[in-house]
There are 2 protein chains.
Amino acid sequence: MSKKAVVKEKTVKTLETLFQEMKKNHLRMTGPRKMIIEALFENHGPFTAEEIHKKFIRSSCDLATIYRCLVSLEQAGLVRKCEFGDGFARYELANNDQSHHHHHLICTECKKVEIVEECEIESHIDRFAKKRGFTSVSHMLEFFGICPDCQAA
Amino acid sequence: MSKKAVVKEKTVKTLETLFQEMKKNHLRMTGPRKMIIEALFENHGPFTAEEIHKKFIRSSCDLATIYRCLVSLEQAGLVRKCEFGDGFARYELANNDQSHHHHHLICTECKKVEIVEECEIESHIDRFAKKRGFTSVSHMLEFFGICPDCQAA
DNA sequence: TAGCTAAATGCGAATGATTTGTATTAGCTG
DNA sequence: CAGCTAATACAAATCATTCGCATTTAGCTA
C-alpha cells in the first residue's frame, strides 16, 4: 500500500516536471499538448502521430495540430522522434538522462515495439532479439552528426 | 601496370558476377537495371532513387522504372535498402558475405554518407563518429525480426 | 532469324504521411 | 480584464513512392 503510494507520487511528480519543462521552453500549456504528454507518459510507445490522435486524444483535435505539437515538443526536447524505416515517424518521451537510454525491438510483421534496455557488445547485439524469441533478426545502426565541412561552413 | 590490370580484372569479374546473379534470379537484363547495378558498383552510396536517376542514368528512363527496378533488385538480394529517417529510402549494393558488414555515418546537414567499417562495443559506438571530426553525434540502433506471436500465427 | 509471350517500361494519375496557409481562438503577461 | 501572439481548425498543398494500363522488349523457341 505504502509502496503503491510512493510509486503514484513519483509518477505525478514526473508528469509535473514535464509540464514545467514545457513552460521553461516557452510553450503554452494547451489542451492538445497536455494530452500528448500525458499519453506518452502513461503509455510506452513510441507511437505515430495518427496513433496518438486516434487512441489518446479524447476531445476533438485536428491531426495537423498533433503534428505541430510533436514538432514543438521535440524542439523543446520533451519528445523524441524515432524512425524505423517503415514510412511512419514515431514519438516517445525523451528522457534526457543517459540512464534511460534504450533501443527498440520492432516486429516487422505486426509492428509491435519492445523496449531493449541492454546495451552490450555490438557484434553480439542480435542476441537480445533472439533471446526474446524473435526470428529473422537484423538490426539497423546509423550514425548522425555534423561533419567537419559543415562545421567550418 | 600489372597491378592496375589485376584491379581492373577483378572489377570486371565482380560486375559480371552481379549480372550473373540477376540472371540466376530470373531478372531480365534491361538497360535501366544494368545502369543501376553499374552505378552502385562504381560509386559508393547509398543513393536515393532520385539521385540514381539524375546522376547515373544517361539514356532517358522514367523515375517510376528506377523505383520498380530497385524493388526487384532488392527482392533478388542484389541491392539493400537503407533508411536514415529523413524521408528518403537509399540503396546500395548488397554484399552478401558478412565480411562486408558496415554501418553509415550521415551528416545531418549535407546528408553526406561515410562508410563505418568498425564494429565494436555499443557503449563506445559514438567514438567512431567523433574520431572523424563529427559533432552533435548520435546514433540510431533499431532491431527487426519476427516476434513469437507472429511466428505462431 | 522471325515470332511469341510474359516481363518491363513509360506515362500519367493516385496514394498517403506530413506540411503549410490563413482566419479564428485562446494562453499568458501586465 | 485587455491585448498581444502563439496555437488551433480546416482545407489545400507537398512530395516520395506506388499503381494502372497501354506499349515495348528480353529471352526463348521453331
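Every chain is numbered from 1 and lettered A, B, ... according to where its sequence line falls, protein lines coming before strand lines.
- A donor-acceptor contact under 3.5 Å links the side chain of A:R28 to the base of D:dA6.
- To the nearest angstrom, P of C:dT29 lies 10 Å from NE2 of A:H26.
- Using a distance-only test at 3.5 Å, with no hydrogens or angles considered, a donor-acceptor pair links the side chain of A:R33 to the main chain of A:R28.
- Using a 4.0 Å cut-off, no side-chain N or O of B:T30 falls inside it from OP1 or OP2 of C:dA8.
- Of the two residues contacting DNA chain C, namely A:V71 and B:G31, the nearest-nucleotide position lying further toward the 5' end is that of B:G31.
- Among D:dA16, C:dT18, C:dC11, the nucleotide with an atom closest to any side-chain atom of A:A89 is C:dT18.
- In this structure, A:H53 contributes its side chain and A:C61 its backbone to a donor-acceptor pair below 3.5 Å.
- Between the C1' atom of C:dA7 and the NZ atom of B:K23 lies a distance of 17 Å, rounded to the nearest Å.
- No option in A:L93, A:T65, A:I52, A:L78 other than A:I52 meets the side chain to side chain contact (heavy atoms under 4.5 Å, CB included) test with A:I36.
- Whole-Å rounding puts the B:F88 CZ to D:dT18 C1' distance at 17 Å.
- Between A:L40 and A:E92, every side-chain heavy-atom pair lies at or beyond the 4.5 Å cut-off.
- Following rounding to the nearest Å, A:I57 (CD1) and D:dT8 (C1') show an atom-to-atom distance of 13 Å.
- Side chain of B:L27, nearest nucleotide from C:dA8, C:dT19, C:dT9: C:dA8.
- A:L63 has its CG atom 15 Å from the C1' atom of D:dA12, to the nearest Å.
- Distance from the side chain of A:M29 is smallest to C:dC28 among D:dT8, D:dT17, C:dC28.
- Look at B:R68 and you won't find any side-chain N or O under 4.0 angstrom from OP1 or OP2 of C:dT9.
- A donor-acceptor contact shorter than 3.5 Å is absent between the side chain of B:N25 and the backbone of B:L27.
- Contacts of B:T48 with the nucleic acid, taken as non-hydrogen atoms under 4.0 Å apart, are absent.
- Atom CG in B:D62 sits about 15 Å away from atom P in D:dT24, given to the nearest Å.
- We find that OH of B:Y67 is positioned 15 Å from P of C:dG10, with the value rounded to whole Å.
- Atom C1' of nucleotide C:dG27 and atom CE of A:M35 are separated by 15 Å, given to the nearest angstrom.
- Contact annotation: A:R33 side-chain N/O to D:dA7 OP1/OP2 distance is under 4.0 Å.
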